[in-house]
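Each remark here refers to the structure printed beneath this line.
Note: hydrogens, waters and symmetry copies are ignored here, and every other heavy atom, side chains too, is used.
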Amino acid sequence: MGQSIRAIDIVAPKSFQGNPELIIGSLITDIGRRGKHLIFEFENGCGMLVHLKMSGQMIICRDDPADCLNDGDDPSGRLYDQNEKYTRVKFKISNGQELLFNDMRRFGFVRVLDQNQMQTLEEDLGLGVEPLEDDFTADHLSKLLKKKPKSLIKPFLLDQSNIAGIGNIYADEALFAAMIAPDRQAGDLSAGEIANLAEVIQEVLEKSLKLGGSSMRMYVQTDGSRGSFLDQANVYGKEGFLCSRCNEGKIVRLKIAGRSSHFCPVCQR
DNA sequence: CACTTGACCTGTCCGC
DNA sequence: TGCGGACAGGTCAAGT
């Protein structure tokens with residue numbers, strides 16, 4: 001923030017949408033997030049929307065650009081596949097740093113928005129409540145669930161138009177913490193279960209933030225270091241392991257709504 | 001309408 | 001060692 005973008009090198013046109021000229025030279029006044037989207041705001045009213053999808057990274061190169069492009073077993077903890085080969089867009093920042101958008105699978109994108117698109121961004125994204133904001137309460141969650149009583153709770157949590165930002169790992173971990181089976185129907189949850197679920201969603205997300213996120217393979221923080229949340233996961237990636245809570249069930253993995261879902265069949269009901 | 005599947009890409013891992 | 005298939009943090013569009 002407080003810098004501007006001097007130049008944009010679009011290495012992969014498919015990963016870049018909109019007119020790059022709109023944001024070149026204008027001061028970055030805010031960098032924020034809505035759900036899984038990153039939003040850069042510029043002094044001239046234009047903006048830049050970024051979604052990392054499955055494998056995207058935004059990396060700040062502080063000194064030598066080569067510093068964040070190594071692909072070896074760097075003791076600093078950088079991922080082996082954080083490689084220049086996957087750099088799709090390069091931003092030259094006015095302070096001399098370089099900001100890279102890397103994305104192996106090319107699902108992610110960078111999109112420049114004009115002033116009008118910035119005005120309607122919130123509606124256009126169509127995202128639900130932010131789970132870490134004050135307005136995400138048990139009461140709020142209860143009302144959301146009542147609107148889609150037949151929806152299974154797992155796909156409900158993944159639907160960004162309900163709650164914005166919960167992905168597959170966090171849906172599984174939150175349902176484990178709430179002792180709710182992923183294939184329960186939204187309308188069948190008791191008031192107590194709903195209140196508890198709202199609480200543990202926040203706890204799971206906050207814990208992951210503290211640990212730097214879930215670095216399965218590609219995700220890194222802007223300095224290239226990885227997060228350690230998965231080291232402490234109870235169900236995600238734990239298929240076949242004994243449940244850490246009841247010590248009785250074995251964690252199973254089932255496809256629910258097309259997504260791998262991990263849970264303890266004994267203590268999640 | 002609501003849910004599921006396939007597609008988008010590229011890579012890894014596992015079994016044969 | 002090679003090869004095919006399944007699977008991977010997300011989200012659309014199309015199909016049922």
Side-chain angles (χ1 to χ4, degrees), chain A residues 11-17 33-38 49-59 71 73 79-89 101-111 121 124-128 131 144-176 182-188 201 204-205 207-209 211-221 225-240 251-262:
Chain A
V11 183
K14 251 209 66 181
S15 302
F16 194 95
Q17 303 155 8
R33 177 195 62 77
R34 181 76 174 89
K36 297 174 186 173
H37 300 259
L38 304 175
L49 184 69
V50 177
H51 199 305
L52 302 177
K53 293 284 179 90
M54 306 275 263
S55 58
Q57 307 173 317
M58 290 214 92
I59 309 286
D71 58 355
D73 297 318
L79 294 184
Y80 62 92
D81 45 6
Q82 188 177 305
N83 190 302
E84 185 170 25
K85 179 160 98 176
Y86 305 123
T87 296
R88 309 303 182 194
V89 184
F101 174 70
N102 292 355
D103 185 21
M104 182 183 79
R105 291 176 73 178
R106 302 181 205 241
F107 285 2
F109 61 84
V110 173
R111 181 182 302 156
L121 182 58
D124 292 344
L125 288 177
L127 297 172
L144 289 174
L145 289 165
K146 275 178 191 134
K147 277 192 244 173
K148 302 183 184 179
K150 285 187 301 176
S151 173
L152 303 184
I153 190 62
K154 170 74 187 279
F156 176 92
L157 292 179
L158 290 176
D159 186 337
Q160 302 297 297
S161 70
N162 298 139
I163 304 166
I166 300 177
N168 202 36
I169 294 173
Y170 302 119
D172 281 1
E173 291 299 322
L175 288 171
F176 173 80
D183 56 354
R184 289 272 300 281
Q185 290 195 324
D188 287 349
I201 284 171
V204 165
L205 293 175
K207 179 176 180 184
S208 186
L209 284 170
L211 294 173
S214 298
S215 292
M216 223 180 139
R217 42 178 0 103
M218 301 302 285
Y219 176 75
V220 287
Q221 301 176 70
S225 63
R226 52 185 299 156
S228 60
F229 178 77
L230 279 184
D231 298 344
Q232 308 205 20
N234 287 299
V235 286
Y236 189 87
K238 300 292 180 189
E239 184 183 13
I251 305 304
V252 297
R253 179 159 66 109
L254 275 189
K255 266 209 194 301
I256 296 172
R259 305 302 304 280
S260 202
S261 303
H262 312 71

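The side chain of A/Leu152 lies closest to B/dT4 when the candidates are C/dG9, C/dA8, B/dT4. Out of C/dA8, C/dG10, B/dC9, the shortest distance to the side chain of A/Lys255 is found at C/dA8. Side-chain proximity of A/Tyr236 to C/dA8, B/dG11, C/dT11: nearest is C/dA8. Checking B/dT10, B/dG11, C/dT11 against every side-chain atom of A/Lys36, the shortest atom distance belongs to C/dT11. Of the candidates C/dT11, C/dG9, B/dC8, the closest approach to any side-chain atom of A/Lys14 belongs to B/dC8. Listed nucleotides B/dC9, C/dG9, B/dT4 differ in distance to A/Ala257; the shortest reach to its side chain belongs to B/dT4.
One can place CZ of A/Arg259 at 13 Å from P of B/dT5, the figure rounded to the nearest angstrom. Atom pair A/Asn102:CG and B/dG11:P shows a separation of 13 Å (rounding to whole Å applied). Rounded to whole Å, the distance from CZ on A/Arg105 to P on B/dT10 is 10 Å. The distance between atom NZ of A/Lys154 and atom P of B/dC3, rounded to the nearest whole Å, is 15 Å. Atom-to-atom, NZ of A/Lys53 to C1' of B/dG11 comes out at 18 Å; the value is rounded to the nearest Å. Atom-to-atom, CG of A/Asp103 to P of B/dT10 comes out at 10 Å; the value is rounded to the nearest Å. Going from atom CG of A/Leu158 over to atom C1' of B/dT4 covers 14 Å, rounded to whole Å. Spacing between atom CG of A/Asp159 and atom P of B/dT4 amounts to 12 Å, rounded to whole angstrom units.
Between A/His51 and A/Phe109, the ring planes lie tilted relative to each other; the angle falls in the 30° to 60° range.
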Intra- and inter-strand pairs of DNA chain B in dot-bracket (Watson-Crick or G-U wobble, both distances under 3.5 Å; | for another strand): .|||||||.|||||||
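Side-chain atoms of A/Arg33 come within 3.5 Å of backbone N or O of A/Gly35 as a donor-acceptor pair. Between the side chain of A/Asp172 and the main chain of A/His262, a donor-acceptor pair closer than 3.5 Å is present. Remark: side-chain polar atoms of A/Ser261 are paired, donor with acceptor, to backbone N or O of A/Arg259 under 3.5 angstrom. Looking at A/Arg88, its side chain never comes within 3.5 Å of a backbone N or O of A/Pro13 through a donor-acceptor pair. A distance-only check finds no donor-acceptor pair linking the side chain of A/Ser208 to the backbone of A/Phe229 [under 3.5 Å].
Separating the C1' atom of B/dC3 from that of C/dG9 is a span of 22 Å, rounded to the nearest Å. C/dT11 and B/dG11 have their P atoms separated by 22 Å, given to the nearest Å. C/dC3 sits 24 Å from B/dC8 when the P atoms are compared, rounded to a whole Å.
In this structure, A/Lys150 reaches the sugar-phosphate backbone alone: every heavy-atom distance under 4.0 Å involves primed, P, OP1 or OP2 atoms, never a base.
Between A/His51 and C/dG10 there is no side-chain N or O to OP1 or OP2 distance below 4.0 Å. Note on A/Tyr86: a side-chain N or O is less than 4.0 Å away from OP1 or OP2 of B/dG11. Distances shown here put every side-chain N or O of A/Ser55 at or beyond 4.0 Å from the OP1 or OP2 atom of C/dG9. Residue A/Arg106 places at least one side-chain N or O closer than 4.0 Å to OP1 or OP2 of B/dT10. An OP1 or OP2 oxygen of B/dC3 is reached within less than 4.0 angstrom by a side-chain nitrogen or oxygen of A/Ser151. Neither OP1 nor OP2 of C/dG10 sits under 4.0 Å from any side-chain N or O of A/Gln160.
A heavy-atom distance below 4.5 Å is not found between the side chains of A/Phe176 and A/Val204.
By the criterion of a centre-to-centre distance under 5.5 Å and near-parallel planes under 30°, the ring of A/Phe107 forms a stack with the base of C/dG10.
Residues A/Lys154 and A/Asn168 bring a donor and an acceptor atom of their side chains to less than 3.5 Å of each other. Donor-acceptor pairing under 3.5 Å is recorded for the side chains of A/Ser260 and A/Arg253.
Residue A/Arg253 is the one, among A/Arg253 and A/His37, whose nearest nucleotide of DNA chain C lies closer to the 5' end (criterion: closest heavy atom).
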